[in-house]
Amino acid sequence: MERGAIPPGDLAGPFDLQSTLESGQTYLWTRADGAMFEDDVAHGGSAWYETVVPPLDGVGNSRAVVRVRQVDGRLEWESTTDAVPLLTHLLRLDDDLTAVRAACPDLPLVQRSFDAYPGMRLVRDPPFGALVSFICSAQMRVARIHGMQVSLAEAFGDRVTAGSRTYHAYPTPDALAAATETDLRELSLGYRAPYVRRTAEMVAEDEADPAAARELPYEEARDYLTRFVGVGEKVADCVLLFSLGFLHAVPLDTWIQTAIADHFPDCERGSYAETSRAIRERLGGAYAGYAQTYLFYALRTGRIGE
DNA sequence: TATCCAAGGTAAGTT
DNA sequence: AACTTACCTTGGATA
């Protein structure tokens with residue numbers, strides 16, 4: 001495998017790998033030490049994280065194994081190809097986090113959540129993996145959502161050998177479409193099993209393409225994604241924010257709904273769409289999704305008061 | 001040891 | 001359109 005490092009100076013501001021990958025935005029990486037999403041693991045370590053990247057528009061047109069860890073601020077990587085453009089894309093290393101924070105509202109709740117996890121970036125997951133993993137997220141704990149993706153990769157993903165080890169790629173749409181509902185239920189997907197199978201089939205058969213939403217205006221893009229089975233407005237917002245670069249999307253999950261009720265009750269409108277507009281504006285507009293993700297992680301881990 | 005409960009919601013059926 | 005209800009599974013809490 002090729003090796004390299006990205007010095008802190010090339011990271012466009014503060015960056016923290018662990019919070020970026022373990023904040024519940026992405027379920028497509030694993031920790032080499034097996035401690036992904038374990039709440040009793042302290043921050044500040046330098047664990048290796050691994051993923052197998054499918055061909056992506058614009059950055060590398062073939063599959064690649066990528067390993068990365070952060071030591072003294074710099075990102076060390078090992079990969080089957082030059083990982084710099086891949087990491088820049090997947091971890092949004094070119095986001096100016098200082099500008100992002102400056103654009104977010106000067107509210108104690110928001111600022112304390114930024115302070116809780118300095119350097120956390122949003123991610124840019126591959127669209128199909130993002131779509132399926134957030135279908136799996138319904139009524140589920142983060143550690144189990146991740147476990148499901150690992151199970152899916154082990155059962156239906158291609159094996160890739162690199163650096164004397166074998167990795168499992170995330171399943172292709174064809175591979176998941178070919179699985180049966182029973183196969184998927186055996187992986188503990190529960191009622192999500194038929195959703196995942198049918199959505200994979202829709203992508204495999206070219207009935208719809210999650211990446212196509214990138215070309216649409218925000219609310220049309222969200223509507224477009226809800227044509228996939230198991231995808232409602234909340235999951236659609238997650239795909240838009242964590243994969244397709246709609247940084248103003250604010251997924252209204254249980255934590256944010258509680259935060260709205262407790263801290264922004266005037267943003268509570270009747271419908272998802274209206275509440276979404278109101279809280280998006282309250283969180284600063286353009287980077288509202290960044291604020292949402294910081295709030296979500298800080299609230300979920302108890303770093304900021306209820 | 002047994003039971004209960006909630007976890008990053010969505011689809012389908014009613015009003 | 002807004003409102004109910006059912007839905008798989010599992011780890012942690014409660015009795």
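Just so it is clear, the values below take in all heavy atoms, side chains as well, and ignore hydrogens, waters and symmetry mates. All values reported here derive from a predicted model rather than from experimental measurement. Throughout, protein chains are lettered first and strands after them, A, B, ... in sequence-line order, and every chain is numbered starting at 1.
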Please state how far atom [atom1] in [X] lies from atom [atom2] in [N], giving the value in whole angstrom units.
X      : N      : atom1 : atom2 : answer
A/Y27  : B/dA7  : OH    : C1'   : 11 Å
A/I135 : B/dA7  : CD1   : C1'   : 18 Å
A/Q257 : B/dA6  : CD    : C1'   : 16 Å
A/L299 : B/dA7  : CG    : C1'   : 16 Å
A/R198 : B/dA11 : CZ    : C1'   : 14 Å
A/R197 : B/dT10 : CZ    : C1'   : 17 Å
A/D223 : C/dA1  : CG    : C1'   : 14 Å
A/F134 : B/dA7  : CZ    : P     : 17 Å

Sequence neighbours excluded, the answer for ring pair (Phe, Tyr, Trp, His ring centres under 6.0 Å) partners of A/Y297 is A/Y117

Q | ring-ring contact (aromatic ring centres under 6.0 Å, His included) between A/F242 and A/F134, intermediate numbers included | A | CA-CA 10 Å; A/F242 304 133; A/F134 279 96; 5.6 Å; yes

Item to complete: Check the pair A/D95, A/Y290 against side chain to side chain contact (heavy atoms under 4.5 Å, CB included), reporting the backbone distance first and the verdict last.
Response: CA-CA 11 Å; A/D95 278 352; A/Y290 250 106; 2.8 Å; yes

Which parts of residues 224-249 of chain A get close to DNA chain C, meaning a heavy atom less than 4.0 angstrom away?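 Close to the strand, none.
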
Task: Spacing of the P atoms in C/dC8 and B/dT3 (rounded, Å) - done: 22 Å

The dot-bracket string of DNA chain C, counting Watson-Crick and G-U wobble pairs with both distances under 3.5 Å, using [ ] for crossing pairs and | for pairs to another strand, is |||||||.|||||||

Please check this pair: side chain of [X] against backbone of [Y], looking for a donor-acceptor N/O pair closer than 3.5 Å.
X      : Y      : value
A/R159 : A/H168 : no
A/T275 : A/R269 : yes
A/T199 : A/V196 : no
A/Q149 : A/I145 : yes
A/E50  : A/T30  : no
A/R214 : A/L244 : no

Check nucleotides 13-15 of chain B against the protein and report each pair of N or O atoms closer than 3.5 Å, with its distance, or say if there are none.
none

Margin query: Ring of A/W48, cation from A/R67 - is the NZ or CZ under 6.0 Å from the centre and inside 45° of the axis?
Written below: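 Judged by the rule, A/R67 and A/W48 form a cation-pi pair.
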
The complete set of salt bridge (charged side-chain N to carboxylate O under 4.0 Å, His left out) pairs with one or both residues in residues 130-154 of chain A, sequence neighbours excluded, reads none

*asked:* Heavy atoms only, 4.0 Å cut-off, all strands: where does A/Q292 land among base, sugar-phosphate and nothing?
replied: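 Since a base atom lies under 4.0 Å of A/Q292, the category is base.
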
Could you go step by step and tell me if A/T88 and A/D94 meet the side chain to side chain donor-acceptor pair (under 3.5 Å) rule?
CA-CA 6 Å; A/T88 302; A/D94 46 355; over 6 Å; no

Contact string for nucleotides 4-11 of chain C, one letter per nucleotide 5' to 3', B = base within protein heavy-atom range under 4.0 Å, S = sugar-phosphate only, - = neither, reads ---BBBSB

* Step through it carefully: locate the ring centre of A/H146, locate the ring centre of A/Y27, and say whether they are under 6.0 Å apart. => no

Verify ring-ring contact (aromatic ring centres under 6.0 Å, His included) between A/Y287 and A/H248, making sure each step is shown before the conclusion.
CA-CA 5 Å; A/Y287 296 115; A/H248 50 302; 9.5 Å; no

